[in-house]
Structures are given as structure tokens and as C-alpha cells.
There are 2 protein chains.
Amino acid sequence: MTAHGNAPEGVPDDVRTRILDAAERLFYERGIQAVGMDELRTAAGVSLKRLYGTFPAKHDLVEAYLRRRDARWRADLAAYVDAATEAGGAVAAPADRLLAVFDWLGSWFAAQDFRGCAFINAYGELGATSEGVARVTRDHKQALRAYLADLARPSNHPDPAALASQLALLVDGAITAAAISGEPASAHTARTARTAAAALIGAIATTPNI
Amino acid sequence: MTAHGNAPEGVPDDVRTRILDAAERLFYERGIQAVGMDELRTAAGVSLKRLYGTFPAKHDLVEAYLRRRDARWRADLAAYVDAATEAGGAVAAPADRLLAVFDWLGSWFAAQDFRGCAFINAYGELGATSEGVARVTRDHKQALRAYLADLARPSNHPDPAALASQLALLVDGAITAAAISGEPASAHTARTARTAAAALIGAIATTPNI
DNA sequence: TAGTCTAGAGAACGAACGTTCTCCACGGAA
DNA sequence: TTCCGTGGAGAACGTTCGTTCTCTAGACTA
């Protein structure tokens, strides 16, 4: 069957999704400025007219790519944390839920297409020139900090927000270090971050301690 | 006096320095791909012929910019740590020298031209395409980790290299967070990282057995 | 002074980019 | 069948970039 099903009007969602899928794969893998609209059209399998009809300019597509990735990234993280800590049926310790964040990072770092934080990369590339990219990046990091604070709040830590900020530094540092150091060292990086996080949380006893 | 003093041969150092100064200012402030060779020539005050005679291609200039910045950045950091911890004349505690690193970060974040880590930015922009940029970035982060390990070694920490890796994550995370969050929050970011570092340095060090 | 070399200023070139426009094939309505 | 609107394929446009080439002014040598 062809892809032009029963589109309600304007741009069918299918086209938008296909464009964003191609954009995410190419932008994340090679950088935003290294991917031209023509190559993107080919990868998405749409015409230039449809491409520009869906996203009037490249920076609109860039921001949409980052916004969608932000939502999916945080949803994946939250799903992993929930799945990892609801096994017993009983409510898990807040420390375990916080540490699960770093387990998820470890599995992400091991993915073959891992290339660091899409937002940090985009910020390094366009943050100085594009206010939109800078804003999306700020929002993403702020949302991550808020999520960590939500995880930390049920604990008996005296300052959950401060703990969340500290852990957020570890998360960003680990993502960056894993991206730069490359494949073999990235698993070790995740464990290093997890150990440090455990120390900050105060759950040194539960640290695997390799 | 003119700039063509007693050059031994080829390109006088003055020209090379002027080019690198302009490149560092522009590349760091606006990104590498956002600065053209023509604008760079104007900023450096040299002719295109001299520019290409000194650096045969843009990527040579990019790598030279990163290499020089790496050397100066780490020298500045080491000088600050030495100056901050040699006041008494007696040898300072290793923990204080490690924490001085984060004090230096705080002063750096407050600089008006602070725009994050030049290497992380360059890696996000060109790391996927340029092996040279990726290598310089790896070397820079590796050298930072080695320096932190040197600072940690005199302590009674059971694993100075592991502590150095943990602190390196905090350093990278703090630089990134400070760059993204912008001016007002960056001072707070440095203090957050310093607090976390103190916990990591002290927590495990006071653990009786490992 | 005549000749030669160097280097500056910037024009020029080829490629690539983001974006728009042209042409044509196709499908539904009358 | 004829008309019309939609959309695909890709040519075209204007700009920008990295890099090279041309022209010329000046300094040094014999």
C-alpha cells in the first residue's frame, strides 16, 4: 500500500514523521550543518515541496527534531526507571530509582549509534547563532533536572533539589565523556558516574563497586 | 615598528600568533563553521596569502587553535591551583588542591566571554566529520583526567585514578551546564559542582576499609 | 637605475548550501 | 473527454564558503 492514506488535510502525519525520523538520524549522526536539505529529502523520501511545506525553513526542522527527541528521550528514561524499580510490586527506594538513571545511561552508551547528547552537540554547533536551539537545549536540561528532583524528593535527603543538580552534572559529564572517549571506555564511564552518584546520594553500601 | 622584524625564515611567529588569537576569539565566540576565512583574515590583519601560507587549510588552523587553547587552559588551571594552595608555604592538603579546581571553574564561568568548553563545542560541531578535532578533544579530556589524578595521588584515597575520573565528570558537567544555563546560574553551578566534589573526595576517603 | 623578489589587496573560481520555481504526470469532477 | 488542482522530480537562483590567482607596489641587489 502506498503512503498517502486518508490524510485529513494539509500535511499528513506520516510525512511529518518520516521527515523527522530522517532528520533525527542524520542530524544526530553527522551534525546539523553537515546535512543538507537535499540529502534530507532523499533520506525522507519526500519531495522538496512537501519538505518545505511541512517545515518552512531548516531551523524549524531543527527545533522540531530537538523537541521531539527531548520528549522521547525523557519518556524512555522514565519508562526504564519505572520498569527497573517496580519489579517487587512494593515501592522502590528513591536511591535505587536515582541509580537506575545511570544504568539507563550505560545501556544508551552501548548503543551503536550513540554519539553523545544531541542537545549539547546542537548547542555547540548553533547555540551561539540560534536562539531557538539555545532555548530548546536549556529546556531539555531544565526538564532533566526537574525529573531528577522528582526522583530525589521522596528520599530523606536534606536538599533534594541540590542533589538533583549535582546528579545532573554527573549525567551531563558522563554523556560527554562517553561520547568523546569512544566505544570501549563508555561502559566504564557509566559505572564511574553511577559510583559517584551513589556516593552523593549516600547509598555507598549498595554500590556494586567493581 | 612594523611586523616584519628579524624573521628567521618563512612565517614569523608574530603572524602565527595574531592568526591564532583571532581564530580563538572568533571560533570560540561564534562557532567554527560560522566564521569564514575571509572574516578571519580581516580580524587577524593579515593577507589571505599569508593566512594560507601559515595554515594550508582551515582544518589545520582549527586543530592549531584547539591545541594552543588546550595547553593554555591547562596551564592556567595548574597555575591557579598552585597559587591557591601554596599560600602558607607548607604543602597544602590534596583535597584543597582538588577543590581549587572548582574555584577556578567558578571564576572562569563568570568571565564575560565564557561560552562553555571549546573542545566539547568543537566536537559537537565537527567531531563526527573531522578525526583531527575528535583526537584533540580526546587528548584534552585525557590530559585533564591525568592532571586530576596527579592532584589526587598524594591523598590517602584508595583509588586516585577513579576519583579523578569522577571529578572529571563533574568538571565537564559543570562547564556544560554553566554554558547552557547562561550567566546568572553559572556561579551557582560552580558551587554545586564544588560541593559534590567535596562529598566525593571526603566520602570515600573517610570510608574505613576498601 | 634596472631587475627581481616578496607580499598585500582583493578578484575569481568551483562547490555547496538553503530556498524557490518550472515542468509535467496523474486523479477526480463535470 | 476536458478541465483543474495537487504533488513529485529536479532545475535554477542567489548566496556563501574555502581556496587559488592576478595584479601591483615596494624593497633589496648589482
Side-chain angles (χ1 to χ4, degrees), chain A residues 1-20 22-23 26-27 29-66 122 125-126 128-130 132-133, chain B residues 1-20 22-23 26-27 29-66 122 125-126 128-130 132-133:
Chain A
M1 95 183 59
T2 53
H4 54 75
N6 46 0
E9 60 123 17
V11 178
D13 273 4
D14 177 45
V15 169
R16 199 169 204 276
T17 301
R18 233 173 347 149
I19 295 173
L20 285 174
L26 293 174
F27 286 164
E29 177 182 341
R30 310 220 309 268
I32 294 169
Q33 303 193 74
V35 176
M37 294 296 269
D38 204 74
E39 178 178 8
L40 215 138
R41 166 203 62 174
T42 303
V46 303
S47 69
L48 270 183
K49 187 178 283 186
R50 263 219 188 276
L51 181 52
Y52 276 93
T54 313
F55 299 100
K58 188 180 185 182
H59 74 261
D60 295 315
L61 175 54
V62 170
E63 291 186 31
Y65 143 62
L66 290 174
E125 203 174 345
L126 298 168
T129 356
S130 161
V133 169
Chain B
M1 91 182 67
T2 53
H4 54 75
N6 45 1
E9 60 124 19
V11 178
D13 273 6
D14 177 45
V15 169
R16 199 166 204 279
T17 301
R18 236 177 340 157
I19 295 173
L20 284 173
L26 293 174
F27 286 163
E29 179 181 340
R30 309 221 309 269
I32 293 169
Q33 302 193 76
V35 176
M37 294 296 270
D38 204 74
E39 178 177 8
L40 216 138
R41 170 207 53 181
T42 304
V46 302
S47 69
L48 269 184
K49 187 179 287 187
R50 262 218 187 279
L51 181 52
Y52 276 93
T54 312
F55 299 101
K58 190 181 185 182
H59 73 262
D60 296 316
L61 175 56
V62 170
E63 292 187 30
Y65 143 63
L66 290 174
E125 202 173 347
L126 298 168
T129 357
S130 161
V133 168

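The analysis underlying the following values was restricted to heavy atoms, covering all of them including side chains, and did not include hydrogens, waters or symmetry mates. Below, read A as the first sequence line, B as the second, and so on, with proteins coming before strands; counting in each chain starts at 1.
In this structure, E39(B) atom CD and dG10(C) atom P are separated by 16 Å, rounded to whole Å. The CZ-P distance, from F55(B) to dT19(D), rounds to 13 Å in whole Å. Computed from coordinates, the L40(A) CG to dA9(D) C1' distance equals 17 Å when rounded to whole Å. The distance between atom CG of D60(B) and atom C1' of dT19(D), rounded to the nearest whole Å, is 13 Å. Between R41(B) atom CZ and dG18(D) atom P the separation is 12 Å, expressed in whole Å.
With sequence neighbours excluded, the residues satisfying side chain to side chain contact (heavy atoms under 4.5 Å, CB included) with A128(B) are R115(A). By the side chain to side chain contact (heavy atoms under 4.5 Å, CB included) test, S47(B) pairs with K49(B), R50(B), sequence neighbours left out. Listed by chain and residue number, nothing satisfies the side chain to side chain contact (heavy atoms under 4.5 Å, CB included) test with T42(A) (two or more places apart in sequence, or in another chain). Contacts of E29(A) classified as salt bridge (charged side-chain N to carboxylate O under 4.0 Å, His left out), with partners at least two apart in sequence or in another chain: none.
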Provide a list of protein-nucleic acid N or O atom pairs under 3.5 angstrom, restricted to nucleotides 16-23 of chain C.
{"residue": "dG18(C)", "atom": "OP1", "partner": "K58(A)", "partner atom": "NZ", "Å": "2.3"}
{"residue": "dG18(C)", "atom": "OP2", "partner": "M37(A)", "partner atom": "N", "Å": "2.7"}
{"residue": "dT19(C)", "atom": "OP2", "partner": "Y52(A)", "partner atom": "OH", "Å": "3.1"}
{"residue": "dT19(C)", "atom": "OP2", "partner": "K58(A)", "partner atom": "N", "Å": "3.0"}

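Considering all non-hydrogen atoms of both residues, A22(A) and L40(A) come closest at CB-O, 4.5 Å.
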Do any side-chain atoms of residues 56-66 of chain B form donor-acceptor pairs under 3.5 angstrom with protein atoms, and if so which ones, sequence neighbours left out?
{"residue": "K58(B)", "atom": "NZ", "partner": "I32(B)", "partner atom": "O", "Å": "3.2"}
{"residue": "K58(B)", "atom": "NZ", "partner": "V35(B)", "partner atom": "O", "Å": "2.8"}
{"residue": "D60(B)", "atom": "OD2", "partner": "A57(B)", "partner atom": "N", "Å": "3.2"}

